[in-house]
Each structure stands twice: as C-alpha cells, then as structure tokens.
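Structure, as structure tokens:
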Number of protein chains: 2
Amino acid sequence: MTIVKKTYKDQVVDHIYQMLLSDGLQPGDQVKESLLSVQMGISRAPIREALKELMMSGLIDYRPQVGNFVPVLTPKQIIDSYTTRGILEGYAVMAVSEAFSADDMDRLDHYVDDMGEAACQQQYKRVVDVGGDFHDFMTAKNNNMQLIEFTSRLSLKLHVLFYKHWGLLYSPQEIEQRHRAIVDSIRAQDKPVIEQVIRAHYVETGTKIAAVQIAQSETAA
Amino acid sequence: MTIVKKTYKDQVVDHIYQMLLSDGLQPGDQVKESLLSVQMGISRAPIREALKELMMSGLIDYRPQVGNFVPVLTPKQIIDSYTTRGILEGYAVMAVSEAFSADDMDRLDHYVDDMGEAACQQQYKRVVDVGGDFHDFMTAKNNNMQLIEFTSRLSLKLHVLFYKHWGLLYSPQEIEQRHRAIVDSIRAQDKPVIEQVIRAHYVETGTKIAAVQIAQSETAA
DNA sequence: CGGGTGTCTAATGTCGACAATCGACGCTGG
DNA sequence: CCAGCGTCGATTGTCGACATTAGACACCCG
C-alpha cells in the first residue's frame with residue numbers, strides 16, 4: 001500500500017478538497033469547525049490545523065473571529081491568479097528551455113495529441129489530466145524550489161476552484177492549437193516568445209473562466 | 001494608537017519575528033511550543049497557530065511529528081528565492097510601467113539619492129528602509145492581488161532571514177548605480193529591459209548574500 | 001566489536017471544556 | 001416608521017491534560 005499513515009489533519013484536508021471538488025461546498029459557504037468535527041468524529045484541533053493550511057493555499061477565505069468561508073472570487077481575481085501562474089510557469093519553462101531533448105519534445109507533442117483527441121471525444125476529465133501532466137512535465141526541469149512552491153500552490157488553488165468549468169472553455173481545435181504553440185516555441189528556442197506564449201495562454205484561460213463565472217451568476221440571478 | 005493587538009496568535013508571531021531579527025533565534029534552532037508557551041504565559045494553542053502562519057510564510061521549517069525549526073537555507077535556495085522575487089517584481093513593475101508620471105519618476109530618483117547618501121554615511125538601516133520604500137512604491141501601481149500576495153510573502157521572508165547582512169553587500173556607488181539603472185529603464189519605457197534589469201538586480205543580490213553566507217559558515221568552521 | 005533491538009524521553013498531535021467575540025435580532029424611544 | 005441600543009446565540013479563540021510518535025541511548029546478541 002502506498003498510503004502508510006496520515007495524521008487527522010491531512011484527512012481533514014483531503015475531506016475538504018473533495019467537498020470543494022464535488023458540490024459539497026459552494027463559494028460563499030461557511031466551513032464551521034464544530035460541524036466538521038462532529039461529521040468526522042474528531043475534535044476541532046485538527047480541523048483548525050487543516051483550515052489553516054487550506055487558507056494559506058488560498059482555498060479557504062479566513063475572517064478573524066468570524067469564520068472560514070469558501071472564497072467567492074471576482075472576475076479580476078480570477079484573471080489575476082491565472083496571470084500570475086502564467087508569469088511563474090512562463091519563466092520556469094523559458095529558463096530551462098535548452099534542456100529539452102528531442103525525446104522530450106516528442107513527449108510534449110504526444111501530450112498535445114492526447115489532449116486534442118480527448119477533447120474531440122468530449123472526455124473533459126482526461127483533457128484536464130493530460131493537460132496537468134503536460135504542464136508538470138514542462139516545468140519539471142526547473143529545480144527552483146521557491147518557484148515550484150508558488151506554482152504548485154497556485155495550480156492547486158486554480159484546479160480546485162475551477163475544476164468544474166474546464167470542459168466549457170475551448171473547442172478541441174483551440175486546445176490543440178494553443179498547446180502546440182507552446183511546444184513550437186520551445187522547439188524554436190526563442191526564450192522571449194516562450195515566455196510570452198505561456199503568459200498569453202494563461203491570461204486568456206483566466207479571462208474565459210471569468211466570463212463563464214459571470215455568465216453563470218447572471219443565469220442564477 | 002495605530003495598532004491594537006487583538007489575538008495572542010498575532011503577539012506570538014511578532015515575538016518570533018523579533019527573535020529572528022535579533023539573534024534570539026539562529027538558523028537550525030528548534031522552536032519549541034511548550035517553551036514558548038511558558039515564556040509568554042499562554043497555552044500552546046495560539047503558539048501553534050502562529051507557527052503555522054510563520055511556516056506558510058517560509059520563516060519556519062516544519063517537520064511533522066518532529067518540530068519547528070528556523071530554516072537553514074542552502075546557497076541555491078537563497079539564490080532561488082531572490083530569483084523568484086525578481087521574476088515577480090520585474091513583471092509587476094514592467095506591466096504598469098506606463099503608469100509612472102513625471103512626479104513618480106522624480107520620487108524614484110529621490111529614493112535613489114537617499115539610498116546613496118545613506119550608504120555613504122554607512123547608515124545601513126536607513127539604506128534598507130529607503131530601499132524597501134523604493135520597491136514598495138514601484139510595485140504599488142500593480143493591483144494584481146495574487147502577485148502582491150506572493151511578492152510580499154517572499155519579501156518578508158527574505159527581509160527577516162537576511163536583514164543582518166544588508167550592510168555588507170554593495171558599495172555606495174554600486175547601490176546607487178544599480179537602482180538608478182532600474183529607474184532609467186522605467187523612464188525609457190522599454191518593457192523587456194525593465195523586466196530584465198530588475199531580475200538581474202535580484203539574482204545578483206541573492207548571489208552575493210549566498211556568498212556571504214558561505215564565507216560566514218567557513219569562518220565558523 | 002558492530003548491527004539490531006528495546007526502552008525512555010521529550011516533543012508534537014489530539015482532546016473536551018470554557019471564555020471571548022462578532023453578527024443578528026428585537027426592543028425602545030423619537 | 002426608522003434609527004440607535006442592548007441582549008442573545010452561534011462560532012471562533014484559548015486552555016490544560018492526555019495520547020502518540022520520532023529520535024536517542026543503552027543493551028543484547030551474533
């Protein structure tokens with residue numbers, strides 16, 4: 001078994017993740033310590049630890065003396081977060097672009113093929129998964145731990161908060177085209193272009209998600 | 001009174017800050033919850049909250065089931081952190097470079113003058129303070145909250161961990177010259193150069209601090 | 001003499017109860 | 001009817017005690 005042992009805190013973190021990924025917790029909901037402690041059969045102490053951790057990941061909005069809430073992000077905040085991810089990932093890839101071998105490039109191409117295929121078949125979960133692998137593989141060569149820490153934290157936040165929307169954003173052609181552009185820029189070894197392409201990719205993704213968000217809130221109203 | 005300490009947790013955070021800024025806590029030291037709780041006359045609960053917060057700021061290195069330690073950073077980690085700060089701040093300034101008015105540029109020049117003067121008089125604390133104001137003013141126009149969050153977190157971490165070394169790095173001429181180069185690049189409105197100059201500034205600063213760190217450890221050995 | 005094992009200790013992890021605080025509601029007075 | 005104020009309930013903040021675990025040290029066995 002791969003899982004050896006987990007502290008209660010980590011179980012709580014996972015539990016809340018799942019609540020966020022499913023519709024168990026919606027933006028704006030309050031996450032009450034005592035309720036969770038009853039539901040999970042443990043005391044409030046590990047709950048608080050977990051909430052503190054999630055708060056620092058940006059997955060929980062904490063207001064002192066009031067409570068913990070599922071964040072309600074404005075369109076600007078969404079775009080800002082994606083923009084920032086583009087800055088970090090753009091640099092991470094650009095800085096080590098010469099480290100990509102021919103095999104690496106083939107692998108990246110393969111990822112893009114997979115994504116396009118999955119998108120055509122409307123297998124949105126697979127698009128997301130392969131897309132994650134694609135980005136992980138691209139950034140894995142950069143070993144700047146500080147950069148990795150920020151990137152993965154932000155990545156997790158965006159993943160959890162917007163997992164539900166990831167099927168609606170791009171047409172299969174767009175998905176394939178956008179990611180192919182990134183691969184091509186790496187192959188061309190043009191560092192400024194690499195950085196700019198990746199930044200643009202995330203800015204546009206953020207803008208689209210913000211638009212979806214707006215559309216949904218208007219439908220609800 | 002401008003600031004009212006509300007919770008014990010915040011007091012503990014401040015207390016540990018001071019311990020880190022002075023020599024009360026040295027890299028590698030373990031920060032024991034029970035000891036602090038006795039010293040401050042409070043229970044371990046708020047101590048744990050504070051340590052959790054400091055851990056997420058990168059000021060405390062936490063090992064599960066073992067304890068909390070003052071981080072011992074390798075030269076690479078130091079350089080990586082400064083590099084990352086350069087990435088974030090470089091983008092933050094570059095993205096809004098057109099927003100700087102003539103008055104703003106005068107103000108930036110004034111900061112640089114002050115820093116050079118303070119450095120000549122070996123008033124290192126003033127150099128650090130004015131330098132902080134300089135960077136704050138430059139980045140203040142960018143209202144990307146995600147970017148600001150990462151930048152200020154990283155800034156705080158670097159400030160606390162390396163406050164002691166900030167007098168030894170540059171000659172007065174170098175200090176003035178380096179910051180003037182940044183101001184000039186903004187004045188020239190050349191975005192790629194702005195980003196590159198700020199990045200280079202931080203990479204070099206990180207490299208120097210790492211070198212100082214190595215020299216000190218060798219002296220101690 | 002060296003490797004492995006058992007115990008012991010000091011630190012973190014968790015618990016249930018109590019205190020302090022914020023926000024909501026209803027009351028009062030104009 | 002509305003504005004201001006006081007009370008109340010629910011939730012977070014803090015507490016002291018107990019459980020659990022990583023690491024150190026001594027011991028045993030080959």
Side-chain angles (χ1 to χ4, degrees), chain A residues 1-20 24-72 74 149, chain B residues 1-20 24-72:
Chain A
M1 54 194 271
T2 55
I3 308 286
V4 256
K5 185 181 295 186
K6 276 187 170 178
T7 179
Y8 279 154
K9 180 198 69 176
D10 294 326
Q11 294 182 30
V12 176
V13 169
D14 284 347
H15 183 81
I16 300 180
Y17 277 164
Q18 296 310 320
M19 300 274 284
L20 287 170
L25 282 173
Q26 307 247 343
D29 283 357
Q30 183 168 7
V31 185
K32 294 169 198 167
E33 297 170 0
S34 23
L35 180 59
L36 271 178
S37 77
V38 172
Q39 286 176 347
M40 302 190 65
I42 60 180
S43 83
R44 278 175 52 218
I47 310 277
R48 285 175 70 82
E49 305 267 325
L51 286 171
K52 206 83 180 160
E53 184 172 323
L54 292 164
M55 175 192 117
M56 285 303 167
S57 298
L59 293 173
I60 287 293
D61 190 1
Y62 164 73
R63 281 190 274 165
Q65 305 281 9
V66 178
N68 301 278
F69 299 83
V70 181
V72 181
T74 65
E149 184 193 320
Chain B
M1 50 195 238
T2 56
I3 292 203
V4 181
K5 302 298 178 197
K6 296 216 89 178
T7 63
Y8 282 151
K9 180 199 72 175
D10 296 326
Q11 295 182 30
V12 177
V13 168
D14 283 347
H15 183 80
I16 300 180
Y17 276 165
Q18 296 310 319
M19 300 274 284
L20 288 170
L25 281 174
Q26 307 239 342
D29 284 357
Q30 183 168 8
V31 184
K32 294 169 196 166
E33 297 170 359
S34 22
L35 181 58
L36 271 177
S37 77
V38 172
Q39 286 176 346
M40 302 189 66
I42 59 180
S43 82
R44 278 175 51 216
I47 309 276
R48 286 174 69 83
E49 305 268 324
L51 285 171
K52 209 80 178 156
E53 185 171 322
L54 291 165
M55 176 193 119
M56 287 303 166
S57 299
L59 293 173
I60 287 293
D61 189 2
Y62 165 73
R63 281 189 276 164
Q65 303 283 8
V66 178
N68 301 277
F69 300 83
V70 181
V72 181

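Labels below follow one simple rule: chain letters A, B, ... track the order of the sequence lines, proteins then strands, and each chain is numbered from 1.
Between B:I42 and B:Q11, every side-chain heavy-atom pair lies at or beyond the 4.5 Å cut-off. Considering only heavy atoms from C-beta on, B:H15 comes within 4.5 Å of B:M19 through its side chain. Inter-residue side-chain proximity for B:V12 and B:E49 is flagged as unmet; no heavy-atom pair is nearer than 4.5 Å.
In this entry the distance linking CD of B:Q65 with C1' of C:dG13 reads 6 Å, nearest Å. A:D29 places its CG atom 16 Å from the C1' atom of D:dT11, with the value rounded to the nearest Å. When the P atom of C:dG23 is taken as reference, atom CZ of A:R63 falls 8 Å away, rounded to whole Å. In this structure, B:Y8 atom OH and D:dC15 atom C1' are separated by 10 Å, rounded to whole Å. Atoms CZ (A:F69) and C1' (C:dG23) sit 10 Å apart, rounded to a whole Å. Rounding to whole angstrom units, CD of residue A:E33 and P of C:dA19 are separated by 18 Å. Nucleotide C:dG16 holds its C1' atom 13 Å from the CD1 atom of A:I42, rounded to whole Å. Rounded to a whole Å, the CG atom of B:D10 is 11 Å from the C1' atom of D:dG13.
For the pair A:S43 and B:N68, both in contact range of DNA chain C, the more 5′-proximal nearest nucleotide belongs to B:N68.
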As a quick check of understanding, evaluate side chain to side chain contact (heavy atoms under 4.5 Å, CB included) for B:L54 and B:Y62, giving each step before the final call. CA-CA 10 Å; B:L54 291 165; B:Y62 165 73; over 6 Å; no
Take B:R48 and B:K9 through the test side chain to side chain contact (heavy atoms under 4.5 Å, CB included) and record every step on the way to the result. CA-CA 8 Å; B:R48 286 174 69 83; B:K9 180 199 72 175; over 6 Å; no
Could you go step by step and tell me if A:N68 and A:E33 meet the side chain to side chain contact (heavy atoms under 4.5 Å, CB included) rule? CA-CA 8 Å; A:N68 301 278; A:E33 297 170 0; 4.0 Å; yes
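Taking a 4.0 Å limit (strictly below) on heavy-atom distances, residues 47-61 of chain A reaches DNA chain D at A:R48.
Looking at heavy-atom distances under 4.0 Å, B:V12 makes no contact with the nucleic acid at all.
OP1 and OP2 of C:dA10 both lie 4.0 Å or more from every side-chain N or O belonging to B:Q30.
For the side chain to side chain contact (heavy atoms under 4.5 Å, CB included) test, residues two or more places apart in sequence or in another chain that qualify with B:P27 are B:V72.
Set against D:dT12, D:dA22, C:dT12, the side chain of B:V66 has D:dA22 as its closest nucleotide. Listed nucleotides: C:dG13, C:dC15, D:dT12. Nearest to the side chain of A:A45: C:dC15. Considering only side-chain atoms of B:P46, the nucleotide from C:dC22, C:dC15, D:dT14 that sits closest is D:dT14. Checking D:dT11, C:dC15, C:dG13 against the side-chain heavy atoms of A:T7 singles out C:dG13 as nearest. Comparing D:dC15, D:dG13, C:dG13 by their nearest atom to the side chain of A:R44 picks out D:dG13.
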